[in-house]
Q: 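Below is the structure I would like to discuss, written out as C-alpha cells.
Computed from a prediction, not measured in an experiment: that's the story for all the values here.
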Amino acid sequence: MIDTGRLSQLDGLRAVAAMSVVGFHYTARYDTALVHAQPLPFSLPWGHLGVELFFVISGFVILMTVDRARSPADFVFSRVSRLFPTYWVAVLLTALTLRAVQMPGFERTAFDIVVNLTMVPNQFGVASIDGAYWSLGIELMFYAWVLLLWRLGALRRPALAIAAACAVSLAANLSEQVGLRWPSAVKTLWMTQWSPWFALGATLYAHHARGLPARVTLGLVVLAVVAIASAGQPVAAVLAVVACLLVHGAARGSLPILGIRPLVAIGRVSYPLYLVHQALGWWVIVSLQQAGVPALGSIMIAASLAIAAAFLLNRVVEEPVMAALRTGWRRTRATRGIRLRTRPDAGPDIGPSNGRGAGPSELPWVVGAAAVLLSLSGGVTVASVLRDRTPLPHEAIRAVDPARHPTVPCEEAGAAGGAARVILVLGQSNAASHAAPIPPPATGGTTLRVFAEGRCVESGDPLPGTTGGGSSLWTAVQEEAAAVDASVRLTWAPLAVGATAIARWVGPDPVNDRLIAYLRSLREAGLRIDRVVWQQGESDARDGTEAAVYLQALHSLRALLDAHGVTAPMHVARSTFCRRAGTGAIGRALTRHEASLAAARILPGPDTDALLGAASRRDACHFTDEGRRRAARLWHDVLAAPPRPVTAGGR
C-alpha cells in the first residue's frame, strides 16, 4: 500500500515534468516560433516529453481519485473544481494581457476568449489562447473514459481495461505501418496516441494500492511501452520506461531527491505554472530581448516570473477556490443525507460502491461520459467550415486597359552586362502599387514593359497585375537602372496582392490559383525569368506567423516556382513593418537561416524595415514617394549585383 497522504515525491516529479516543458518552450520551441536574438548555448528539444510524464502521473492519480470518490458526482466535481477555476483565471489573464500589449499572433476577440473558457475551443473552430493548453482536452477525454469505465464496473479489476487500451493503441499503430489508416475521429476517440501513457500510471497505482500482482504489472507495463514504441518513437519509449521507474520509486518513497523542498513546492503549483508559462513567458522574453537583455538572461527572468505567478495563482485562486467549492459541495451533499468524508483527500476508499456496474441511477453518467467522448473525438463538432475560395473584393487585380496600356513586343532588351531582364514581382501591398498616390493629372512619368494577361504592355503607375491605385516601387527601380545605364530595358512581371499572408500564396487559396495561372502564362509566352523579387511579410508579422512556418512556406514557394520552370534566384526583402514592429521573428529567422535559404536559391533582398518614419511611410505602413525611392535604390543594388554562388557549406 502507498502512503495515501500527499505524495511529496510525486509532487517533486510533477516539478520535473513542468520544468522540462518550460525549458522546451523557452528554448527549442521559442527558437522555432520567434527566434532568439542570439543563439543559445543549449536547448531542450526533448523537454516536450514532460507532457507525457504528466500523463503517466495523471493515470496514477486519477485512479486514486476514483477510489476516494463516493459517487460519480463526487468524481466529476473533484475534477471540475481542480481544473476549471484556475484555468479560467489563466485564460483571462493571458488573453487580456497579450491583447493589451498587442502581441502578434495572440490577440483574440471577446468571442474567442469566451469559447476558450470551455477548455476545448478547437471543437468550436476557435484557436486556443495558449498553444500549451492542447493537453487539457486530452486530460478531459481521459477523465470521461475513466468515468465511463468506472460506472460500467470495468475498474473493479482494471488490468483488463488497461490491456485493452494498450492493445487498441498497438493495433492502430501497426495498421498504420502497413497502410491501413484508421479514421482520425476513431483514433482520437480511443486515444490511441496517449492511452498507453495513462495506462502506465494506472498500472502502477493498481500495483501499489490495489495489490495487482507483480507479473501482471510487468506485463501491462511492457505492453504499454511496446504500444508507445510502435508509433515510431524510440525516444518516447525510453522515456516511458524512465517515467515508469520514477513513478514507481516515488510511490514507494524511495527517491528522496524528488522530495526536496524546492521541487515539492514547484510540483504543488505545477498546474498554474503550466497554464501561465508559455504565451506570457514568450512576451516577457520578446520584450527583454528587444530591450537588449541577452537571450539566456531573458529566459531565466521569464522562468522566474512564471514560477512566481504560479505561486500567486495557487495562493489566491487554486487552493482557496477549490477548498471553498469542495466545502460547499460537502455541505450540499450532507444536507441530502449522504455520508461524505470530512476530508475528500484523506485517502483511498476502496469498496464495493466504487466497483459496481451501472444501474438505472448511473445511466445519466454513462450517457454523459459517452457524449463527452464523442464530442471531443470529433464525431460531433460544433464548427466545420469549408474554405472559401472566392477572392475578397479588395484583392481585385488591376486589368490591362487598351487605352492606357498599348501592347508591345515581349522580346528581351537591355545592356549586355548581364543585368536582370525579366523580373517576376510577387508580394503584398508595398509590391502592389500601394505607395504614394500619383499626383493628378498623371501625365508623363516613367513607363515600364509589363507582362500582364498573357502579353506585354507599356504601362505607368499603377501597374496592371497589382491591386493598388498608387505609385509602385518598380517604376522607381527602372529609373535607378536607367540612371546607371540608359541602355538597360527591364521587363517586369508583377503579381502582387495587398494584405496577403504567405500561406495564401502556397496553399489552397485564390491567390495561389492566380499565381499558378500567371506562371503558366509566362511559360506559354516564352519568357525566361532572370530574378524573382518577394516583397512581403507585413501580414505574417501582424498575425504572428511562426518563424519556422514562414521559412517552410518560403521553401514551398521556391518549389512551386521551380515546378513551373522559374528557376531564377528569389530575393526576399525584410518587409515586416506595418504600423508596428511586431516581434521581429521573421526578420531574425531570415538572418539566422541565410545560408540554408541560399542553398535553395532564396537570397537576401533589401531591408526595407529600416525605412521608417513619416518621411518614408505615409500611413506608418505604405511608402511615401521618398520612401519608395529609397526602397528602390536598395532593390536596384540587389538586382544589379550578380547572384552569390551557392556553396556546399551553405547547405
Side-chain angles (χ1 to χ4, degrees), residues 3-23 25-26 50-51 53-54 57-58 61-62 64-65 68 77-101 113 116-117 119 129-130 132-133 135-136 139-140 250 258-285 299-331 341-347:
D3 175 10
T4 58
R6 184 138 185 133
L7 293 171
S8 61
Q9 292 185 15
L10 206 60
D11 282 332
L13 195 55
R14 283 193 181 98
V16 172
M19 294 311 297
S20 296
V21 174
V22 171
H25 285 155
Y26 286 1
V51 175
L53 178 54
F54 270 127
I57 297 171
S58 182
V61 171
I62 202 67
M64 185 185 298
T65 304
R68 292 172 177 173
F77 190 84
S78 170
R79 295 298 85 199
V80 170
S81 63
R82 170 78 173 88
L83 295 182
F84 277 94
T86 309
Y87 171 78
W88 288 334
V89 173
V91 165
L92 294 174
L93 175 65
T94 301
L96 297 179
T97 299
L98 297 182
R99 184 171 181 175
V101 300
I113 296 172
N116 265 267
L117 297 178
M119 203 176 282
I129 294 292
D130 188 322
Y133 296 167
S135 64
L136 301 180
E139 288 278 354
L140 288 181
L258 292 177
I260 62 176
R261 185 170 297 179
L263 277 181
V264 173
I266 293 176
R268 290 180 177 178
V269 301
S270 58
Y271 181 52
L273 175 59
Y274 187 83
L275 293 176
V276 301
H277 80 277
Q278 181 176 260
L280 291 174
W282 282 2
W283 166 59
V284 170
I285 294 173
I299 290 174
M300 295 176 64
I301 294 173
S304 300
L305 290 175
I307 293 172
F311 275 103
L312 182 62
L313 276 178
N314 172 261
R315 181 65 61 89
V316 175
V317 179
E318 186 178 28
E319 289 189 355
V321 172
M322 184 165 56
L325 289 174
R326 292 185 178 184
T327 298
W329 176 255
R330 288 196 301 271
R331 289 174 178 170
R341 298 184 180 279
T342 57
R343 202 159 56 88
D345 296 332

Q: Hey, could you give me the CH2/CG distance between W282 and L98, rounded to the nearest 0.5 Å?
A: 11.0 Å
Q: Show the numbers, then the answer: is there a side chain to side chain contact (heavy atoms under 4.5 Å, CB included) between M64 and L10?
A: CA-CA 13 Å; M64 185 185 298; L10 206 60; 5.7 Å; no
Q: Do you know which two heavy atoms are closest between A18 and S270, and how far apart they sit?
A: CB-CB, 4.1 Å
Q: Could you report the tightest heavy-atom contact between T65 and S78, atom names first, then the distance?
A: CG2-OG, 3.7 Å
Q: State the CG-CG distance between L93 and L275, to the nearest 0.5 angstrom.
A: 10.5 Å
Q: Out of curiosity, L280 CG to I285 CD1, how far, rounded to the nearest 0.5 Å?
A: 11.0 Å
Q: Quick check against the 3.5 Å criterion: does Y87 have a side-chain atom that pairs as donor or acceptor with the backbone of L117?
A: no
Q: Can you list everything that forms a ring-ring contact (aromatic ring centres under 6.0 Å, His included) with Y271? Sequence neighbours excluded, please.
A: none
Q: Could you walk me through whether L140 and L136 pass side chain to side chain contact (heavy atoms under 4.5 Å, CB included), step by step?
A: CA-CA 6 Å; L140 288 181; L136 301 180; 5.7 Å; no
Q: Enter the distance from L13:CG to I57:CD1 here, rounded to the nearest 0.5 Å.
A: 4.0 Å
Q: Is any side-chain heavy atom of I307 closer than 4.5 Å to one of M19?
A: yes
Q: I need the minimum non-hydrogen distance between A17 and G50, along with the two atoms involved.
A: CB-O, 3.5 Å
Q: So, for S8 and V264, which heavy atoms are closest and what is the spacing to 0.1 Å?
A: O-CG2, 3.4 Å
Q: Does the plane of the ring in W88 sit parallel, tilted or perpendicular to the ring in F84? Use 30° and 60° as the thresholds.
A: tilted
Q: Please report the interatomic distance CD(Q278) to OH(Y133), rounded to the nearest 0.5 Å.
A: 9.0 Å
Q: Supply the atom-to-atom distance F77 CZ to R330 CZ, rounded to the nearest 0.5 angstrom.
A: 9.5 Å
Q: Between the side chain of Y274 and the main-chain N/O of A132, is any donor-acceptor distance below 3.5 Å?
A: yes
Q: If I compare all heavy atoms of G267 with all of R14, which pair ends up nearest, and what's the gap?
A: O-CD, 3.9 Å
Q: Once ring-ring contact (aromatic ring centres under 6.0 Å, His included) is applied, do any residues pair with H25, and if so which ones, sequence neighbours excluded?
A: H277
Q: What are the two closest heavy atoms between L263 and A15, and how far apart are they?
A: O-CB, 3.1 Å
Q: Side-chain atoms of residues 311-318: list all donor-acceptor pairs with protein atoms under 3.5 Å, sequence neighbours left out, distances to 0.1 Å.
A:
{"unit_1": "N314", "atom_1": "ND2", "unit_2": "E318", "atom_2": "OE1", "d": "2.7"}
{"unit_1": "E318", "atom_1": "OE2", "unit_2": "R82", "atom_2": "NH1", "d": "2.7"}

Q: Compare all side-chain heavy atoms of S20 with those of L53 and state whether any distance is below 4.5 angstrom.
A: no
